[in-house]
Amino acid sequence: MKKLLSLALALVLVLGLCACSNDGQPAGDDTPGQKVDPPSAPSDQNTGTVADANKDSDIYSWIPVEDTNLSGSVRFYVPFGGDQGMNDMIAEFNEMYPNITVELNTYSNNADGNIALNTAIMAGECDVVASFEIHNLMNRLNNGLYLDLTDRVAEENISLVDNWGTEAYNVGGKTYVFPCGGLTHYVAINMTAWEAAGLGSLPTAWTWDEYIEASRAMTEYNADGSTKVYGGSNYQVITDLMDMVYQVNGCNRFYNADGTCIFDSDMVKQQIQKYIDAENEGVWFSLDAYRADNEKTWFTYTDGRVNSSVSCNLARFLRDTANYPMDFITGIAPYPTVEAGQTNYESGVNYFSFAGITRGCQDEEAAWAFVKWYSTYGSKYLTIAGHQSTWAGTDPNSLVSLIFGSEEEAAKIVDVASFKQFVGNPSNPSSYDNISYAYSELVSIWEEYVMYAFTGDMTVEDALNEAARLGNEAINAAK
C-alpha cells in the first residue's frame with residue numbers, strides 16, 4: 001500500500017511539473033509549488049562577462065574540502081554521455097577524491113527525458129543534477145526538487161558573482177544551484193570557400209547584413225542557376241532565432257524589459273524578414289528544410305551542403321573526424337549583431353545549465369564535494385560535448401587542446417586563433433535570463449507562428465503580432 005501511495009504521489013508531482021502553467025517561478029522558501037515572482041536581476045544589471053569577476057578574489061581554494069579522503073557515492077544526472085567528456089571529468093575528480101564513486105546517468109534533454117528525470121529525483125534515485133535550460137531549472141526549483149545550498153555557500157564564503165559572473169539565478173535570497181554551464185553562438189566558416197570568395201580576414205565583429213553578404217559571396221550555383229552549395233545558414237533550432245534579443249539586450253530573449261512578450265517588436269520583425277529573404281534568395285539553407293527533414297546544421301556544414309553556419313555545439317562534431325571527415329579548415333566568426341557597434345552579448349558564454357544537489361540525496365557531503373568541483377574545474381569538460389564553462393577560472397586557451405588533443409592537431413581542423421577568441425571565451429560579453437513566466441508556452445507559440453512566416457502561410461507582420469498576443473495571454477495567466 002505504501003508503495004502504491006508513493007507512486008501515486010510521484011505521478012501527481014510529475015504531472016504538476018509538466019503542466020506548471022507559470023513554468024518555473026521558483027518558490028522563495030522550501031514549500032514546493034508556491035508561485036512567486038521570478039528571480040531579480042543581478043545588482044549590476046549585467047556585468048557583461050563572466051570574467052568581470054573581481055580579479056583579486058579567491059575563486060580556487062574553496063573548492064576542495066579539507067579531507068580529500070572523504071568517501072561516499074554520487075549519482076550524477078546530466079544529458080551528456082561518458083564519451084562526451086563526462087568520463088574524463090569524473091576521472092579527474094577521482095584524482096582528488098579517490099574514495100568517492102560517481103555514477104554517471106545520462107538523460108535526454110527533451111520533454112520525455114525531463115519527465116523521467118523528475119520521476120527519478122522524486123524516487124530518491126539521484127544526488128546531483130545538471131538542469132539544462134532555465135524553464136527546466138525553474139520547474140524543479142518551484143517544486144522543491146533541489147536542496148537549499150545557502151548555508152553551505154555562506155560558510156565557505158563562495159561568491160557566485162566572482163565565480164560565475166552573476167547571482168541572477170538565486171531565488172528569494174537563497175542559492176540552490178551554480179550556473180556553471182553555457183553556450184556560445186558563433187558562425188562556423190569553411191575557410192576554403194571563404195578564401196575562394198576573396199573575403200579577406202575573418203571578421204572580429206560584423207552585422208547580419210554583412211554575414212548575409214558574405215553568404216551570398218560563398219554560395220555556389222549549378223549550371224541552371226539553382227543553388228548547389230548554400231553560402232550560409234542559421235541554426236536549426238527555431239527558438240534560437242530569438243537569440244538576436246540576447247545579443248542586443250543582454251537578457252531574456254522572449255521578453256521586453258517590462259515582462260511582456262517581445263515577439264511583435266520592430267527589431268524581431270525586421271530580423272525575421274531578413275532571415276526569410278536570405279533563404280528565398282537561395283543563399284541560406286532553409287529553416288523549413290531543417291524542420292521537415294530533421295536536418296541539423298552540423299550535418300549540412302560538415303558534409304559540404306553549406307559553406308558557413310550559425311552554430312553553438314559544432315566543436316563536438318569537428319573533433320569526431322571519423323564520423324565527420326572534412327577536407328577544409330573551419331574558421332570562427334562571432335555571432336552577428338543587429339547593428340554595427342553594438343555590444344555583442346552573444347559572443348561570450350551564455351548561461352544554459354545549472355548544477356545542484358537534489359532533495360533525495362543519499363550522501364550530502366560527497367555530493368557537495370562533487371557539485372563544487374563539477375561546477376568549477378570540471379565544467380571545462382562541457383566543451384567536449386559542444387557546450388562551455390561559465391566559471392571565471394576556466395582558461396579558454398586550454399580548451400583547444402582539451403577538445404582536439406593538442407593545438408597541433410587542432411590546427412588541422414580549425415583556425416586556432418579565431419576558435420580561441422569566439423568559442424567558450426568567458427571574457428566576451430554574455431547574457432542571462434531572469435524571467436521565465438510561461439516559458440514553455442512561449443516556446444510553442446513562437447515555433448508555430450514564426451514557421452507560418454517562413455513557409456509563407458502568414459506575413460511576418462501578421463504571424464508575429466498573433467504570436468505576441470497569444471504570448472501575452474500566457475504570461476498574464478502565469479502571473
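Not measured: the values here are computed from a predicted model.
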**Message:** Quick check on side-chain hydrogen bond (donor to acceptor under 3.5 Å, both in side chains): which of Asp363, Asp127, Thr358 does Arg75 satisfy it with?
**Reply:**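 The option that passes is Asp127.
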
**Message:** If I compare all heavy atoms of Lys380 with all of Thr394, which pair ends up nearest, and what's the gap?
**Reply:**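 Heavy atoms only, the tightest pair is CB-CG2, 4.3 Å.
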
**Rounded distance (nearest 0.5 Å) linking atom CG of Asn94 with atom CD1 of Ile100** =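 Spacing of CG (Asn94) from CD1 (Ile100) equals 8.0 Å.
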
**Prompt:** So Phe178 and Trp164, would you call those rings parallel, tilted or perpendicular, with 30° and 60° as cut-offs?
**Reply:**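 Ring orientation of Phe178 relative to Trp164: parallel.
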
**Message:** Can you tell me how the ring of Phe132 sits relative to the ring of Phe352, calling it parallel under 30°, perpendicular over 60° and tilted otherwise?
**Reply:**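 The arrangement is perpendicular - the two ring planes meet at more than 60°.
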
If you define the side chain from C-beta out and look only at heavy atoms, does anything of [X] sit under 4.5 Å from [Y]?
X      : Y      : value
Gln362 : Ser73  : yes
Arg152 : Glu364 : yes
Tyr301 : Ser311 : no

**Prompt:** Between Glu210 and Thr207, is there a donor-acceptor pair closer than 3.5 Å when you use the side chain of the first and the backbone of the second?
**Reply:**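 At least one qualifying donor-acceptor pair exists.
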
**Item:** Main-chain N/O of Leu145 paired with Asn143 side-chain donor or acceptor, under 3.5 Å
**Value:**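 Looks like no, no N/O pair under 3.5 Å.
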
For a quick check under 3.5 Å, do [X] and [Y] share a side-chain donor-acceptor pair by atom type?
X      : Y      : result
Gln342 : Thr337 : no
Asp433 : Tyr246 : yes
Asn350 : Ser430 : no
Trp208 : Gln247 : no

**Prompt:** Taking the six-membered ring for Trp, are Phe285 and Phe299 ring centroids under 6.0 Å apart?
**Reply:**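 No.
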
**Aromatic centroids of Trp284 and Tyr211 separated by under 6.0 Å** =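 That pair passes the under 6.0 Å test.
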
